[in-house]
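Structure first, commentary second.
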Amino acid sequence: NRRVRVIDGHTGAERFAREFEEAVGCVAASADGKVLAVGVSDAGRGAHNKVVLLDATTGGRLAALPVQRKGANTLAFSPDGRFVAVGFGG
């Protein structure tokens, strides 16, 4: 899948949907709910694997962090939201 959809938990309404050129492998939300980290990868272009940080309200791109050739399959924010841990399979 190449899409992330964010749904409001109280109303059920879609906040936003974001399409990516690469496959989405994992998603994590910061503890304060303000930032989403999305691990995206393209098996044919491993140099393009990255973690994209999005504004959780608007879906706007805040940053893109390059990662190693293997795509991220696990993400976690530190409790204070200052760090993102990235896990890779294999």
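Keep in mind that what you see is a predicted model, and the values were worked out from it rather than measured.
With sequence neighbours excluded, the residues that form a side-chain contact (heavy atoms from CB on, under 4.5 Å) with Ala17 are Arg3, Arg5, Glu14. Shown here are the side chain to side chain donor-acceptor pair (under 3.5 Å) partners of Asp80, two or more places apart in sequence or in another chain: Ser78.
Minimum interatomic distance between Val84 and Phe77 (heavy atoms only, all atoms of both residues): CG2-CE2, 3.4 Å. For the residue pair Val38 and Val4, the shortest heavy atom distance occurs at CG1-CG2, 3.9 Å. Taking every heavy atom of both residues into account, Cys26 and Ala72 meet most closely at SG-O, 3.6 Å. Contact record, Ala56 with Gly33: CB-O, 3.2 Å, taken as the closest heavy-atom pair. Nearest heavy-atom pair across Pro66 and Ala64 is CD-O, 3.8 Å.
For residues 32-41, the side chain to side chain donor-acceptor pair (under 3.5 Å) pairs, not counting sequence neighbours, are Ser30-Asp32.
A distance of 9.5 Å separates CD1 in Ile7 from CZ in Phe16, rounded to the nearest 0.5 Å. To the nearest 0.5 Å, atoms CD (Glu19) and CG (Asn1) are separated by 8.0 Å. Here the straight-line distance linking atom CZ of Phe20 with atom CG of Leu54 works out to 4.5 Å at 0.5 Å rounding. Annotation: the span from Lys50 atom NZ to Glu22 atom CD amounts to 3.5 Å, rounded to 0.5 Å.
Under a hydrophobic clustering in which Ile, Leu, Val, Met, Phe, Trp and Tyr are joined whenever their side-chain heavy atoms come within less than 4.5 Å, directly or via other members, Val40 and Leu65 fall into different clusters. One hydrophobic cluster, built from ILVMFWY side chains closer than 4.5 Å, holds both Val35 and Leu75.
Taking the side chain as every heavy atom from C-beta outward, Asn49 and Val67 approach each other to under 4.5 Å. Between Val52 and Arg61 there is a side-chain heavy-atom pair separated by less than 4.5 Å.
Using a distance-only test at 3.5 Å, with no hydrogens or angles considered, no donor-acceptor pair links the side chain of Arg15 to the main chain of Val6.
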